[in-house]
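Contents: one structure, followed by commentary.
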Amino acid sequence: MADYTPQDLDRKWQQRWASSRAFEVVADPSRPKFYCLEMFAYPSGHAHVGHVRNYIIGDVMARLKRMLGYNVLHPFGWDAFGLPAENAAIKSGIHPETSTRGNIAHMKGQLQRLGISYAWERELATCDPEYYKWNQWLFIRMFEKGLAYRRRSSVNWCPSCRTVLANEQVVDGGCWRCGTSVETRDLEQWFFRITAYADELLESTATLTKWPEKVLTMQRNWIGRSEGARVKFLLEGTPGAPIEVFTTRIDTIYGATFVLLAPEHPLVADLAAASPDPASFRQQVQAFRLQDRAARMSGEAEKQGFDTGVRVVNPFTGEAVPVWVANFVLGEYGTGAVMAVPAHDQRDFEFARKFGLPIRVVVTPDGQPSDAASLDEAADAYGTLVGSGEYSGLPSAEAQTRMIADARTKGIGEGTVQFRLKDWGISRQRYWGTPIPMIYCDTDGIVPVPDDQLPVVLPTIAEFTGRGDSPLAQVPEFVNVACPTCGRPARRETDTMDTFVDSSWYFYRFADPRNDRMPFDPAAVQYWLPVDFYSGGVEHAILHLIYSRFFARVFRDLGLVDHGEPFTQLLTQGMVLKDGAVMSKSKGNVVDPDSMLQKYGADALRLYVMFVAPPEKEVEWTDTGLEGSFRFLARVWRLVDHWCETIDGEGIDSPDLCVNLTAAERSLRRKTHDTIRRVTVDIEQRQQLNTAVSAMMELVNELYAFSEGTITGGPSHRTDEDVEHAGQTERRETVCVVRESVEALVRMLAPFAPHTAEELWAALGHEAGLAAATWPTFRADVARADELVIPVQVNGKVRGRLTVPAEIADAELEALALADTGVQAHTAGKTVRKVVVAKGRLVSIVVA
RNA sequence: GCGGAAGUGGCGGAAUUGGCAGACGCGCUAGCCUCAGGAGCUAGUUCCCGCAAGGGAGUGAAGGUUCGAGUCCUUUCUUCCGCACCA
């Protein structure tokens with residue numbers, strides 16, 4: 001064999017895999033399936049090693065599962081729509097289609113050069129009309145079911161560029177291009193009713209037993225279920241709709257000394273109109289609304305408010321209390337109005353102190369009345385009610401139940417559940433996305449594009465100005481359309497969809513990516529889904545992973561799939577840092593995989609990235625670590641080179657048939673099988689890929705030590721049955737044992753270093769390649785040691801070691817331990833109080 | 001503020017069920033090999049005392065449970081991450 005030149009191997013095997021379509025699969029219900037998926041990529045141009053880590057993790061899993069006999073679906077695609085390409089078009093004039101296609105081609109080449117085993121024939125890009133057609137189809141189905149609806153909502157607006165800005169385009173409260181201070185504007189926009197599934201999305205987190213607890217916690221917090229009550233406060237003196245508040249602490253309602261409205265509350269405009277000085281009123285409200293959104297929501301901003309002059313009646317006390325507008329009350333949560341209980345809520349407390357509003361204590365720890373003047377912060381703990389009429393003396397929890405029941409009886413309120421999760425606004429005033437397939441007709445109103453006219457193709461735009469409202473609104477031949485119902489002139493929707501829509505179901509499309517009649521054949525999805533192993537960045541813990549769970553339920557309720565959860569197991573991989581920072585082009589600390597590939601080959605890079613730390617952990621990139629992995633592969637290469645001609649041959653038996661193995665040979669077999677166990681468990685069950693690599697390194701070290709012994713150790717072991725091969729003479733037993741070990745090693749290396757493993761496997765005489773190889777089988781009987789070294793502790797310190805048969809009885813072990821000279825040095829003249837024998841592990845002696 | 005995760009040699013990290021702390025790798029040291037070594041092989045490498053044998057200490061800190069704790073419990077410190085005026 002020649003020297004280890006991985007670059008040649010990379011090329012050779014990548015070509016063979018491609019020409020043999022090695023990783024393409026078809027559904028086969030007679031075989032167990034495994035759907036292995038990494039989050040698809042935004043085609044930014046170049047993948048750096050941080051991105052690549054994720055693909056390698058998935059590839060190790062996919063390649064292992066193939067060798068274990070699973071029918072493995074391992075596809076890849078491109079999250080190809082998105083703002084960066086459009087921003088680039090505005091700056092450089094290059095059309096998003098052009099830059100995106102170019103970036104995809106480059107990144108695909110990078111992944112292929114890494115030898116990631118994707119079923120490339122299933123590749124998809126979300127900017128393909130064949131893909132986004134089904135976004136549109138699904139949107140219409142959701143519209144029909146009331147899951148997609150339209151309402152007014154605010155967006156960021158740059159008055160200078162006269163354009164809507166995405167949140168990412170707002171930098172420090174200003175426009176990303178001109179710095180002009182951003183305003184909010186109300187526009188009619190489309191929403192998905194994800195809140196219809198809020199309870200289910202929350203409750204089913206309990207079934208996601210193979211997801212990181214961290215992600216589940218984040219999702220639960222994001223959904224933010226809270227139980228409470230809605231209570232109506234009637235306007236004093238004026239007939240009309242009451243102000244409804246949401247509270248989780250109805251037990252404190254006797255302490256509600258005022259009511260607060262969000263500036264966005266619908267009643268605020270009416271109150272302004274009716275006020276003595278409407279102009280000043282409106283000006284104050286407007287001032288709150290212009291406050292930087294982030295600052296207003298951050299909790300650090302100064303609490304501000306003003307009295308509307310209107311009073312409402314507390315339905316429990318009958319007392320009239322003032323209504324204020326406050327900058328910190330959120331319009332989009334609850335009812336946009338809250339009852340303020342300053343004694344028992346810190347925000348209300350601060351507000352009351354600032355504006356001299358009354359504070360009344362109605363819950364105390366012991367049920368004894370207490371004076372509000374002594375408070376220096378709100379007392380928000382549960383306790384016993386005081387000064388609360390008929391409810392005084394009740395504990396908070398019981399009071400809540402009774403008060404909610406009474407409110408319901410009297411028609412002044414009811415118990416309710418409130419979610420922090422809001423409906424998902426999907427309208428984007430952008431070009432590079434899926435056109436929303438809706439038509440506005442003066443006669444027929446909102447009309448979906450008929451299915452047979454899908455897709456609504458994104459028109460090609462020549463110039464990107466970054467000015468004006470939705471770019472599509474500036475394309476008359478796109479906008480103007482005949483109404484599908486009445487045929488009269490109508491207008492198309494000119495907004496495009498949030499790209500999270502694209503990524504919420506792509507994993508279904510991979511099951512049947514070329515279907516032109518449906519988003520996918522339910523039978524294909526029935527076989528392949530759910531995704532068994534999904535890996536990607538933790539930054540998607542909330543949005544993408546909740547939206548996908550939502551879509552799975554939408555598909556389920558459309559009768560297209562029969563499961564609820566799309567991802568059985570989730571792995572969130574850590575980032576790769578360079579010089580302590582996340583890699584980014586702007587920081588100039590990007591490690592380019594291609595230059596590493598040229599120097600060390602794909603396998604060294606793959607192995608290093610897997611070896612350096614467990615997949616979930618952040619890692620710091622080091623070139624010396626990569627060199628270490630290269631050295632290991634070269635060491636394996638030389639090992640196989642040394643042995644391959646000796647052990648490659650007909651008539652080599654299984655080591656099971658060898659009865660008279662030497663101690664060294666038995667020890668090597670033991671190490672081999674123990675390694676098989678460790679590597680298998682580490683990858684398949686623990687996803688602890690770093691220790692799987694360590695285990696293989698240990699085996700290689702053992703094989704080196706063993707090889708020294710047999711090659712230079714002389715003829716003492718030799719018998720008449722020696723095998724004569726290629727000038728090397730070895731005991732037949734040695735050949736059997738080494739062959740078993742080396743062949744296991746090469747196959748275990750295959751998921752990590754597939755190119756090298758393929759070459760070595762061929763060198764060992766296996767012409768069919770690793771595609772035909774199976775994962776080595778662990779044999780507990782072989783791995784079991786026949787002798788153990790048992791440490792003996794005296795008062796917690798190791799004072800001796802006993803080499804004993806593995807099957808030794810506890811009593812005998814105890815006797816040996818007590819008789820050991822090293823132990824006796826520490827027990828002499830003392831009384832043995834206790835002896836604990838931990839079977840097969842240790843003996844612990846207590847003396848005094 | 002709330003929630004989550006984590007603190008182990010010079011460094012990245014191991015320790016699977018409460019049972020020999022530091023596997024494996026990087027780095028470093030020495031020897032061998034070599035014209036040479038930024039290649040390879042072998043040995044060593046937690047800290048302190050000691051020529052050595054050996055002894056002592058040791059997993060952020062302080063307590064506790066236990067024959068035995070990196071692992072379990074309590075308190076505490078630090079770091080990272082997420083959420084953050086959600087009533």
Side-chain angles (χ1 to χ4, degrees), chain A residues 3 212-222 224-226 228 245-249 252 256 260 262 296-301 303 326-330 332-341 344-348 350-351 380 418-422 538-539 541-542 572 574 607-608 611-614 616-629 631-632 634-635 638 677-678 681-682 685-686 688 690-701 704-705 708 789-798 801 825 833-847:
Chain A
D3 287 345
E213 199 52 44
K214 174 197 175 85
V215 172
L216 295 177
T217 304
M218 285 166 72
Q219 293 213 349
R220 289 180 188 126
N221 292 343
W222 188 258
R225 184 179 197 273
S226 59
V245 304
F246 174 73
T247 178
T248 54
R249 291 298 304 273
T252 64
L260 295 172
R296 208 182 116 197
M297 303 300 166
S298 74
E300 273 123 51
K303 290 192 172 36
N327 64 338
F328 65 90
V329 178
L330 305 172
E332 66 267 34
Y333 183 77
T335 59
V338 297
M339 65 178 206
V341 185
H344 306 292
D345 180 285
Q346 186 58 25
R347 296 155 299 184
D348 299 343
E350 288 168 26
F351 196 81
D380 56 9
Q418 189 65 46
F419 292 94
R420 209 191 81 112
L421 180 73
K422 286 177 286 191
V538 71
E539 65 272 20
I542 299 181
T572 52
L607 193 76
Y608 166 62
F611 174 62
V612 66
E616 306 81 18
K617 253 193 107 128
E618 251 177 21
V619 296
E620 172 73 23
W621 176 269
T622 59
D623 288 353
T624 51
L626 175 59
E627 280 170 36
S629 291
R631 278 205 288 271
F632 170 72
R635 201 165 142 85
R638 287 192 302 274
R677 180 187 60 80
R678 285 170 63 189
V681 170
D682 282 352
Q685 290 167 35
R686 303 206 302 155
Q688 186 101 335
N690 55 329
T691 50
V693 178
S694 305
M696 288 188 281
M697 287 173 166
E698 283 183 45
L699 178 59
V700 170
N701 290 345
Y704 263 73
E708 277 295 304
V789 177
I790 305 287
V792 183
Q793 293 183 342
V794 180
N795 287 352
K797 290 197 167 38
V798 178
R801 280 169 214 285
R833 300 273 183 199
K834 190 171 186 176
V835 180
V836 179
V837 178
K839 201 159 195 60
R841 291 186 188 268
L842 149 151
V843 179
S844 180
I845 300 167
V846 189
V847 297

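Throughout, a chain's letter reflects where its sequence line sits, starting with A, and its residues are numbered from 1.
- A gap of 16 Å separates the P atoms of B/U16 and B/G60, to the nearest Å.
- Atom name C1', nucleotides B/G9 and B/C48: the rounded distance is 14 Å, in whole Å.
- Out of B/G82, B/C83, B/A87, the shortest distance to the side chain of A/R420 is found at B/C83.
- Atom CD of A/Q219 and atom P of B/C81 are 21 Å apart (whole Å).
- Only the P atoms considered, B/U46 is 14 Å distant from B/A21, to the nearest whole Å.
- Side-chain atoms of A/R686 lie closest to B/A15 of the nucleotides B/A15, B/A23, B/G3.
- In B/G58 the base sits anti relative to the sugar, since the glycosidic angle is further than 90° from 0.
- For the pair A/E616 CD and B/G4 C1', the computed distance is 15 Å after rounding to whole Å.
- Contact annotation for A/N701: backbone-only contact, meaning every heavy-atom pair under 4.0 Å involves sugar-phosphate atoms and none involves a base.
- For the pair A/R225 CZ and B/G3 C1', the interatomic distance rounds to 19 Å; values are reported in whole Å.
- Relative to the side chain of A/P791, the nucleotides B/A87, B/C20, B/G56 differ in distance, and B/C20 lies closest.
- In this structure, of B/G27, B/A57, B/A87, it is B/G27 that holds the atom nearest to the side chain of A/R631.
- Comparing B/A14, B/C81, B/A87 by their closest approach to the side chain of A/Q688 singles out B/A14.
- Ion pair A/R220/A/E213 flagged as a salt bridge, since at least one NZ, NE, NH1 or NH2 atom sits closer than 4.0 Å to an Asp/Glu carboxylate oxygen.
- With a cut-off of 3.5 Å on both pairing distances, the Watson-Crick or G-U wobble partner of B/C28 is B/G44.
- Rounded to whole Å, the separation between the P atoms of B/A39 and B/C26 comes to 11 Å.
- Side-chain proximity of A/K214 to B/G4, B/C24, B/C83: nearest is B/G4.
- Within the nucleic acid shown, A/E618 comes within 4.0 Å of sugar-phosphate atoms alone, with no base atom in reach, counting heavy atoms only.
- When each of B/G13, B/A87, B/U42 is scored by its nearest atom to the side-chain atoms of A/Y704, the top-ranked nucleotide is B/U42.
- Remark: B/U66 base-pairs with no nucleotide in the shown strands. Criterion, Watson-Crick or G-U wobble with two distances under 3.5 Å.
- The C1' atoms of B/G68 and B/U45 are separated by 29 Å, rounded to the nearest whole Å.
- Of the listed nucleotides (B/C24, B/A87, B/C67), B/A87 has the atom at the smallest distance from the side chain of A/L330.
- Relative to the side chain of A/Q793, the nucleotides B/G4, B/G19, B/C24 differ in distance, and B/G19 lies closest.
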